[in-house]
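Scroll down for the structure; my scribbles are underneath it.
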Amino acid sequence: MAKKVRSKAGSKPNNKKAKVATATKDRPDLDDDADGRVGGSKDVESEDESDPEEVLSSEDEEEDALKGGMVELEEDEGSLESDHGSDVEMGGGDDDDDDDENAEEATASLALSSGVDPSLVLPSPPSTGAYVNKQRCLVLCTRGVTSRHRHLLEDLRKLIPHMKKDSKLDDKQSPGTAVNEIAEVKSCNSALFLESRKRSDVYLWMGLTPNGPSAKFHLTNIHTMDELKLTGNTLASSRPLLSFSNEFGTKPHWKVIKQLLQTTFGTPRGHPKSQPFCDRVMNFAVVDGKVWVRNYQILESAPANAKEAREAKKAGGAPAECVEVGPRFVLDPMRIFSGSFRGQTLYQNGDFVSPNARRAEEERARGKKYEGRKGQE
């Protein structure tokens with residue numbers, strides 16, 4: 001509201017200023033200066049055209065209108081979300097889940113009737129990439145190993161990112177007890193133990209700690225990475241793809257050996273020391289009753305021109321080939337034990353001939369050759 005013009009105490013009111021004030025009420029089109037002067041007067045302030053109560057009421061009405069509009073918008077969005085949710089429920093409800101479960105049950109029953117493992121047919125659940133399968137493998141050897149065996153042990157440690165290593169064992173009488181104690185201290189649930197005898201014979205123990213089972217192999221045809229000098233080259237600590245021949249599913253002892261190989265060489269997903277990709281294949285093949293181990297690199301050939309790139313895209317990807325990396329060795333199974341490096345013998349290879357018996361037979365053959373030459377004389 002316009003301020004009232006008051007005169008000084010003891011003086012008469014100025015009629016000219018009052019007249020100017022009434023004139024400004026009648027003439028709202030006049031503009032006020034920054035100091036409130038109208039028509040050159042310094043002491044008179046102009047009065048606004050609208051009443052403050054009316055302005056406040058109009059502002060309240062505008063705020064109420066805006067709030068009402070916002071509420072209506074929220075209600076519309078909620079209705080849209082509810083409609084969308086109902087559509088989703090109608091499209092992917094319990095009926096579809098039941099159909100999927102029935103299809104999986106039918107596939108599993110068909111696989112069992114055909115003699116196929118259902119886990120190979122049914123789709124695997126989606127992985128979260130978390131480090132859940134927390135397995136560790138203890139890798140160590142005894143004293144007295146040669147340089148070739150020591151280099152092979154280092155190559156095996158490179159192939160097993162989830163391994164734990166320890167110093168060489170001095171106890172040759174009962175190494176199994178020492179290995180189990182070290183595995184317990186290192187929190188390992190599997191062990192790979194290289195045992196050397198007479199600096200020429202080497203045996204590979206592989207087992208699950210502390211309850212077993214375990215297996216003992218005679219290690220032959222050893223070729224390390226440095227010795228082979230192959231062209232293959234894989235990234236360090238990468239996870240391998242494990243390939244097994246069909247013979248591993250034929251007999252019970254081969255199934256046990258397959259499980260031991262999977263636990264030992266299969267790198268858990270998400271392990272801190274492993275890389276999140278697969279660029280190599282470890283092949284385990286059964287030939288003449290022995291396990292032949294090879295390590296290959298998965299090499300994808302890059303297209304040389306645009307035509308080859310289009311053909312590769314139509315085929316679903318660039319063609320890949322396997323290049324051997326190394327090492328290579330042969331495992332001749334001797335025995336399978338029920339416990340960890342001890343226990344009852346579950347399987348014994350009747351065709352296995354120990355290196356001592358083989359050397360003795362060679363000595364006898366050379367002696368018979370000398371006896372035959374003496375008899376001819």
- Is the closest basic N to carboxylate O distance between K314 and E311 below 4.0 Å? no

- Query: Is any NZ, NE, NH1 or NH2 atom of the basic residue among E363 and R366 found under 4.0 Å from an Asp or Glu carboxylate oxygen of the other?
  - Reply: yes

- Return the minimal non-hydrogen interatomic distance between A215 and I336, and the atom names on each side. CB-CG1, 4.1 Å

- When rounded to the nearest 0.5 Å, the distance separating CD of E324 from CD of Q297 is 11.5 Å

- Note on the structure: R199 and V145 have their tightest heavy-atom pair at NH1-O, 4.3 Å

- Is the closest side-chain heavy-atom distance between M282 and V293 below 4.5 Å? yes

- With hydrophobic residues grouped by side-chain heavy-atom distances under 4.5 Å, do F329 and M334 end up in a single group? no

- Item | Nearest-0.5 Å distance, CZ of residue R342 to CG of residue N180 | 5.0 Å

- Task: Look at atom CD of E308 and say whether more than 12 heavy atoms of other residues, nucleotides or ligands are closer to it than 6.0 Å.
- Result: yes

- Closest contact, heavy atoms only, S238 versus D279: OG-OD1, 2.7 Å

- Query: Under 6.0 Å from the CG atom of N305, do we count more than 12 heavy atoms belonging to anything else shown?
  - Reply: yes

- Rounded to the nearest 0.5 Å, what separation is found between the SG atom of C137 and the CE atom of M163? 9.5 Å

Extract all donor-acceptor atom pairs below 3.5 Å that involve side chains of residues 240-253 and protein atoms in other chains or at least two apart in sequence.
from: S245; atom 1: OG; to: E247; atom 2: OE1; distance (Å): 3.1
from: S245; atom 1: OG; to: V286; atom 2: N; distance (Å): 3.3
from: T250; atom 1: OG1; to: E247; atom 2: O; distance (Å): 2.6

- Nearest-0.5 Å distance that lies between atom CG in L219 and atom CH2 in W205: 14.0 Å

- Query: More than 12 non-hydrogen atoms from neighbouring residues, nucleotides or ligands closer than 6.0 Å to NZ on K165, yes or no?
  - Reply: no

- Note: G326 and L228 closest approach over all heavy atoms is CA-CD1, 4.1 Å

- Query: Which atoms form the tightest heavy-atom contact between P333 and F217, and what is the distance?
  - Reply: CA-CD2, 3.5 Å

Identify each donor-acceptor pair in which a side-chain atom of residues 151-162 lies under 3.5 Å from a protein atom, sequence neighbours left out, and give them as a table.
from: E154; atom 1: OE2; to: R157; atom 2: NH1; distance (Å): 3.1
from: D155; atom 1: OD2; to: M225; atom 2: N; distance (Å): 3.1
from: R157; atom 1: NH2; to: V139; atom 2: O; distance (Å): 3.2
from: H162; atom 1: NE2; to: T264; atom 2: O; distance (Å): 3.3

- Kindly compute the distance separating CD (E195) from CZ (F341), expressed to the nearest 0.5 Å. 10.0 Å

- Over all heavy atoms of both residues, which pair between E300 and A320 is shortest? Give the atoms and the distance, please. CG-CB, 4.0 Å

- Determine whether more than 12 heavy atoms belonging to other residues, nucleotides or ligands lie under 6.0 Å from atom NZ of K290. no

- Message: Could you measure the distance from the CG atom of N211 to the OG atom of S338? Nearest 0.5 Å is fine.
- Response: 10.5 Å

- Inspect the contact between D201 and R358 and indicate whether a charged nitrogen and a carboxylate oxygen are less than 4.0 angstrom apart. no

